[in-house]
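So the structure is just underneath, and the comments pick up after that.
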2 protein chains.
Amino acid sequence: MKFSTTEENYLKAVYYLQGQHGNVSTNALAARLQSKPASITDMMKKLSNKKLLNYKPYYGFSLTTDGKKVALSVIRKHRLWEFFLAEKLNIGWDEVHGIAEELEHVSSKKLIDKLDAFLDYPAFDPHGDPIPDKLGKMQKSNKIPLTNLKLSTPAKVISISNPKPNVVEILKEKKITVGTLVEVKRVFDFDHSLQVKIAASKTETISKQLANMIFVSDVDV
Amino acid sequence: MKFSTTEENYLKAVYYLQGQHGNVSTNALAARLQSKPASITDMMKKLSNKKLLNYKPYYGFSLTTDGKKVALSVIRKHRLWEFFLAEKLNIGWDEVHGIAEELEHVSSKKLIDKLDAFLDYPAFDPHGDPIPDKLGKMQKSNKIPLTNLKLSTPAKVISISNPKPNVVEILKEKKITVGTLVEVKRVFDFDHSLQVKIAASKTETISKQLANMIFVSDVDV
DNA sequence: AAATATTTTTAGATTTGTCTAAATATTTAA
DNA sequence: TTAAATATTTAGACAAATCTAAAAATATTT
Ligand SMILES: [Mn+2]
Ligand SMILES: [Mn+2]
Ligand SMILES: [Mn+2]
Ligand SMILES: [Mn+2]
């Protein structure tokens, strides 16, 4: 079966929102896909007819087994391409996502399996998210937001969620990028801001808001 | 400027048909794009409004300088991807075209320039067609159909035009593939069939029809 | 130079994906 | 347990790309 770019994007969005909850609402999807509730309802009916999701009007939706399979195959493509872009083409971690958003819709099954082999079957994408294999199986991610890191425990920055230009700007100023070693020294009770030692050198204060977008993993992993 | 997949495909088709003639007709384009004349007229008006082609109703169309630039950028993307697929992913010469047909519409300029560098700026795609550089410049192709090869002159097969399954079948039977050395020994006057020595071993008879689809270049090149 | 054949364009529909505004259902609060 | 607020769906419209059938223009024959 082949699906349109739009269908694939909707299924992927349902998959991500399902993660936390289990049942996804019209408004949540509209917000995520930057579209309007009416558009969501239309597409949900269509995907429901194709047996890709369970849909009970007014009570939200969830992926069927088939729908989940499609979502995972799109995520597989997305993350493999991100790995390729970062690893082979040396494109920055803050740029690969947007390009992969287009590449993920190229449909050739052979292409993606050959790419997987060429990259030597990577398990994680450049943001530390696990790459599903041919069968949709993937390892558990070990990344946590900086806000959850234990005090005085060195960790490595592995991704920045949703890196908009203004976020990139402040991180550049504080010399934090993917790969940087960090260690949380103290958390202030007043505003939950963090005192963070950066790359074994200077210490910076980081707002709770910003720390929530910085993801790290244990150094030894 | 960004263009839709459809617009890019139309511009590319005009570019190719323009090669021989210079002015392209509605019917010729419809045939090439496997669509209907009415659809062509609609799109021609649109592209003409965008100043990508010169269009005088009833008298055909040709690309403007801007239109040619777009067409060449799509061809550049197409051929670079074909090179990548064949060279890095080991996908067969008869399969790369279809996949590149999708990849060529991925829009990132940075992606394509990084890919170009990663591939070390190849000058020809796996079918022997020249790859335009950043500026649209490309070398001249030196491939000729087997029907034009001088007698008793060794040459290398560099591409098969339009490799449909039934063509691939007969070539497989005769053990001709991209890279094979061939030498035309004799051309029969009656039906213009060719006696061809294949890979310095056995000799086969090849119809004019088939020989027209096999492209070769001098061995020394 | 008509008459005929061919090519191209226009008119009107269709499909996919989207939207706004209005109607309806559900949830929350009084 | 009604009333108000919120969420969702429906109705109707629109843009992009396509098609069929009919009309109009151009090209080819007699
Ligand atoms: Mn991504
Ligand atoms: Mn996408
Ligand atoms: Mn090709
Ligand atoms: Mn194409």
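Predicted model only: the values in this text are computed from it and were never measured.
- With sequence neighbours excluded, no residue forms a ring-ring contact (aromatic ring centres under 6.0 Å, His included) with A:His127.
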### Summary
For DNA chain D, the expected dot-bracket line (Watson-Crick or G-U under 3.5 Å, [ ] crossing, | inter-strand) is ||||||||||||||||||||||||||||||
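- At a non-hydrogen distance threshold of 4.0 Å, nothing from residues 2-13 of chain B comes into contact with DNA chain C.
- One interatomic measurement links the two molecules: CE of A:Met44 to P of D:dT9, which rounds to 10 Å at whole-angstrom precision.
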#### Entry: Criterion side chain to side chain donor-acceptor pair (under 3.5 Å) on B:Glu102 and A:Ser108, from CA distance to verdict
CA-CA 9 Å; B:Glu102 284 186 65; A:Ser108 167; over 6 Å; no
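- Residues passing the side-chain hydrogen bond (donor to acceptor under 3.5 Å, both in side chains) test with B:Asn148, sequence neighbours excluded: none.
- Contact check of residues 49-58 of chain B against DNA chain C (heavy atom, cut-off under 4.0 Å) returns B:Tyr55, B:Pro57, B:Tyr58.
- A:Ser25 has no side-chain polar atom (N or O) that falls below the 4.0 Å cut-off from OP1 or OP2 of D:dA7.
- With sequence neighbours excluded, the residues forming a ring-ring contact (aromatic ring centres under 6.0 Å, His included) with B:His97 are B:His78, listed by chain and number.
- Under 4.0 angstrom from either OP1 or OP2 of C:dT6 there lies no side-chain N or O belonging to B:Asn27.
- Contact record, A:Val216 with A:Leu146: CG1-CD1, 4.1 Å, taken as the closest heavy-atom pair.
- In this structure, B:Asn23 atom CG and C:dT7 atom C1' are separated by 14 Å, rounded to whole Å.
- Within the structure, every pair that satisfies the salt bridge (charged side-chain N to carboxylate O under 4.0 Å, His left out) test and touches residues 79-94 of chain B, not counting sequence neighbours, is listed here: B:Arg79-B:Asp125.
- Looking at every heavy atom in both residues, A:Pro37 comes nearest to A:Ala30 through N-CB, 3.8 Å.
- Shown here are the side-chain hydrogen bond (donor to acceptor under 3.5 Å, both in side chains) partners of A:Ser62, two or more places apart in sequence or in another chain: A:Asn54.
- Within the structure, side chain to side chain donor-acceptor pair (under 3.5 Å) pairs that include any residue of residues 33-44 of chain A do not occur (at least two apart or interchain).
- Remark: B:Thr26 OG1 to B:Met44 CE distance equals 8.0 Å, nearest 0.5 Å.
- Contacts between residues 33-42 of chain A and DNA chain D, counted as heavy-atom distances below 4.0 Å, involve A:Pro37, A:Ala38, A:Thr41.
- Between C:dT10 and B:Lys45, a contact under 4.0 Å exists linking OP1 or OP2 to a side-chain N or O.
- Pairs engaging residues 29-56 of chain B under the ring pair (Phe, Tyr, Trp, His ring centres under 6.0 Å) rule: B:Tyr55-B:Phe61 [sequence neighbours left out].
- For A:Phe124, the side chain to side chain contact (heavy atoms under 4.5 Å, CB included) criterion is met by A:Pro130, A:Gln139, not counting sequence neighbours.
- When rounded to the nearest whole Å, the span between CZ of B:Phe61 and P of C:dT7 equals 13 Å.
- Atom CG in B:Leu29 sits about 15 Å away from atom P in C:dT7, given to the nearest Å.
- Between A:Met43 atom CE and C:dT15 atom C1' the separation is 12 Å, expressed in whole Å.
- Ion pairing between B:Lys77 and B:Asp116 fails under the 4.0 Å rule for side-chain N and carboxylate O.
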